[in-house]
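What follows is a single structure, written as C-alpha cells, with notes after it.
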Amino acid sequence: MKEAATFIKRVAGFAPADGDSVQPAWLAPIRRAGFARFSELGLPTLKQEDWRFTNVAPLTELPFQPAPESARNDLTADALAGLPFAQLPGDRLVFVDGHFAPELSRTGRHPDGVRIGSLAAALRNDVALVEPYLTRWTRTEANPFIALNEAFFRDGAFIHVPAGKTIEEPVQLLFLSTGRAAGVAAQPRNLIVAGRESQVTIVETHVGLADGATFTNAVTELAVGDGAVVELVKLQDESRKAFHFAVLHAHLGRGVNLVAHSFALGSRLARQNIRTVLDGEGIECVLNGLYLAGDDQLLDHHMIVDHARPHCASHEYFNGILDGRAKGVFHGRILVRQPAQKTDAKQTNKNLLLSDEATVDTKPQLEIYADDVKCTHGATVGQLNPESIFYLRSRGIPRDLARRMLIHAFGGEIIERVRCVPAREELDRLVRRRLAEHKQAKLETSAV
Amino acid sequence: MSKPILEIKDLNAGVVGKPILNGISLTIRAGETHAIMGPNGSGKSTLAAVLAGRDGYDVTGGSVHYLGEDLLELAPEERARAGVFLGFQYPVEIPGVNSTYFLKAALNEIRRHRGLPELDAMEFLSLVKDKIKLLDLDADLLKRAVNVGFSGGEKKRNEIFQMAVLEPKLAILDETDSGLDIDALRVVATGVNKLRRPDNAQLVITHYQRLLNYIVPDFVHVLMDGRIVRSGGKELALELEARGYDWLTPAAAAA
Ligand SMILES: Nc1ncnc2c1ncn2[C@@H]1O[C@H](COP(=O)(O)OP(=O)(O)OP(=O)(O)O)[C@@H](O)[C@H]1O
Ligand SMILES: [Mg+2]
C-alpha cells in the first residue's frame, strides 16, 4: 500500500532504525513483523467496520518531526506541579515526548522483586521478566496502530509486581507532550505485569504542555495473574490539536478483579481501544469511562470484552458529554465464547448532548456462543432534563449553575467508581473545572 | 388590612393552542393562608406553575404582582430568591446531585440576594439539624441524591423541609397532602403551621378537606375550568366534602 509506505517513512524518518538501539535479538523479528503488518494494512479508513465513525485521514497531513531535545531540558519538577495528580503520593514515572525523564521521576522503596521503571531499561536489565509478556497478546492484525507501535516503540513504563505483593500507593505514569512544534510523535509502550494475588493501582496521564498538533500512539499491555486486584486510571488530556491513539490490552487470570477507567478530555481526535480477555473463571472486570468533548473534538472508545471462561462478570459504563460540534463514538463489543457459561455481561453508554450540533455514534455488538448467559446493553442519547432544571431553579439556583450541576452529576456517575480516593477527587475537580471552562468559552464566543 | 403579598388580576394562561386559566383574580395578604380546591384538570397545578415561572406556559392576559412587583417578569430563580416557593405535586428525582449540596447552594443564593452572609458547611448543618426535626425526616436522606429513592411520603416531607430551610414569603404547596398517611399528614401540617408568620403567606392546593383540619385556611377558593367559581371561608371546604363539585358548575349555578 503506497500511502502506508509514505506514512511509515514520514513517521519513521527520525525513529531509530531496526536494530539500532540496544535491544535484545528476539525483539527484532517482532519489530519487522509490525513494520510489515502496518505496510500491508495502512491507516484505517471509514470503510472498515471498526473505524466507520472515525476519520484518521488528517493524521497524514502532520509535519512529522523528532522531538526537540531542548523542550525536555527546559522542564523542571516545578513545571509539573500544576499538572493533574501532582499531589498524589507514590511513584511517578515521567516521559517527555516519549522519552523517559529520570530527573523528573521518582521511585520509592518497594517489596522485593517489584520493578517500577522504564521499559528500555528493563529490556537491558530484566529481559527475563519482560520477554514472556511483551507483545504476547497484542494482535497487530486487528489494529494497524498496534503494528506501528511494535515497529517503532522506544520506551514506556515497565511495572512488575510479584505474586502476593501489594503496592500501597498508586503508581503514576505521566506522559507529557511538550507540543511546541507540530508533528512530534511519541509511541510509548507500557508493560504491566501483576503477579498472582498482587495488588496495584496505576494512574496513567497524557497531557500536552502547549497546543502543538502532536501524535501519540500508545500501547499498554496488562497481564494480571490469578486473584490479583488491579485498578487502572487513565486520563487523556492532550492539547486540542493533538492526535491520540491508545490501546489497552488486558489479559486476566482466574478470579481477577480489574477496574479500568478511561477519562478522555483532550485531543482533537482521540481513539482509545480497550480489549480485555477474561481467561479464567470468576473474574470481575469493570470498564468505566467518561468522555467530555467540545468544539470539533472527536473522542472515540472502542471496547472488546472477550469472555473465554465461565462464571465471569463484566460491566462497561461509559458516559459522554458533548458540546459544540463535538462527536463521541462508542463501540462496545462483547464476545462470549462457547465455554463461557454463566457469563454476566452488562454494558451501558449514556450520552448528553449539550448543543444541537454535537453528535454521537454508539454501537453495541453482542456475539454470544454460550447458551446460559446474561448479557444486557443499553444506550441513551439525550439532553438535560428540563424538569430537573426547573426544580433547581425554583429553589433559587441560577440556570447556568443548575445546568452545570446536572452535567457534573452525569459525569459524577462515572467518577465515583474510581476507588483510589485522591485520584477520584482530582478527577472530580478536573471535570468540574473543565465544565466551567466550556461554559466560559461559550459566553466569550456569544459575546463576540 | 395587611399588605398584599400576591395580587393576581384576570390571569389568562395556557399552553400553545390550549387556554387553561381563564381569568383568575386573587389577592393574598401577609399572614393569610388560602386554599385552592377543584376537580382534576381544573388548572390548579398550572396556576402554581405560572406563579413559579415554569417554561412552556404562555400568559395571554392579566397580571401578577408579588410584593408590588411584576412577578411574571422574573426568572424562576429570581422568584425563588424574592421569596416564592413551590412545593411540587411531583417532586423531581435528580440523580447525582447531593441533597445537602443542592440545598446549601439554594439557601446561599437566597441569602446573598437578601444581603445576608453565606453559611459555611458547619453553620448549614446545624441549621439543617433544627429543621429536619420539625419534619421528622431521616437525616440520612440528605446524604442521598435529591429525591432519589425517597418514598412518596418522604418526597413530600422533603418539600416542606426545603421550605423550612429557605423560609419563603409566599409558599405555594401543590397537593402536599396526597400520598401521605395520616401520621405523615399531621407531621407535614404541623411543620407548615410552624412556618406561618404574620409577614408571610401560603397558598395550599388540595383535593381533601382532611388537610384543612390541620392547616386551617382563612379563605377557600374553588377552581373549575380555569376560573375561581366560588370563594369562602374554611366552611366551604366542608361543604365541598359533603356535596362534591357538581353544584358549582356554571350550568348548575344557573339552574
Ligand atoms: N404542559 C401542558 N401541556 C398540555 N396540557 C397541559 C399542560 N399542563 C397542563 N395541561 C392541561 O391543563 C389542564 C389543567 O392541568 P393541571 O395540571 O393544572 O390540573 P390540576 O387542577 O392540577 O389537576 P390535578 O388535580 O389532577 O392535579 C389539564 O387538562 C392538563 O392536561
Ligand atoms: Mg395538579
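Labels below follow one simple rule: chain letters A, B, ... track the order of the sequence lines, proteins then strands, and each chain is numbered from 1.
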Counting only non-hydrogen atoms closer than 4.5 Å, does B:Arg54 touch chain A with its backbone (N, CA, C, O), its side chain (CB onward), both, or neither? both
Lys/Arg N to Asp/Glu carboxylate O, B:Glu78 vs A:Arg393, below 4.0 Å: no
CG (B:Asp199) with more than 12 external heavy atoms under 6.0 Å: yes
OG/A:Ser394 to CZ/B:Arg79 distance, rounded to the nearest 0.5 angstrom? 11.0 Å
Take atom CD of B:Glu123 as the centre, draw a 6.0 Å sphere, and report whether it contains more than 12 heavy atoms from other residues, nucleotides or ligands. yes
Which atoms of B:Asn147 are under 4.5 Å from chain A, going by heavy atoms: the side chain, the backbone, both sets, or neither? side chain
As an exercise: rank A:Ala409, A:Ser388, A:Gly396 by heavy-atom pairs under 4.5 Å with chain B and give me the winner. A:Gly396
CD on B:Glu159 to OH on A:Tyr391, rounded to 0.5 Å: 3.5 Å
Heavy-atom closest pair, residues A:Met405 and B:Ala105: CE-CB, 4.0 Å
Tell me which of these, B:Ala80, B:Pro76, B:Ala82, B:Pro91, has more heavy-atom pairs under 4.5 Å with chain A than the rest. B:Pro76
More than 12 heavy atoms of other groups within 6.0 Å of B:Lys169 NZ: no
Do A:Leu401 and B:Glu109 have side chains that approach each other closer than 4.5 Å (heavy atoms only, starting at C-beta)? yes
Answer yes or no: are there more than 12 heavy-atom neighbours, outside B:Arg112 itself, under 6.0 Å from its atom CZ? yes
Under 4.5 Å heavy-atom distance to chain A, tell me which part of B:Leu86 shows up: side chain, backbone, both or neither. both
Go through the steps to decide whether A:Phe390 and B:Val92 satisfy the test side chain to side chain contact (heavy atoms under 4.5 Å, CB included), and finish with yes or no. CA-CA 9 Å; A:Phe390 177 64; B:Val92 186; over 6 Å; no
Straight-line distance of A:Arg395 CZ to B:Arg81 CZ, nearest 0.5 Å: 14.0 Å
Whether over 12 other heavy atoms sit under 6.0 Å from A:Asp356 CG: no
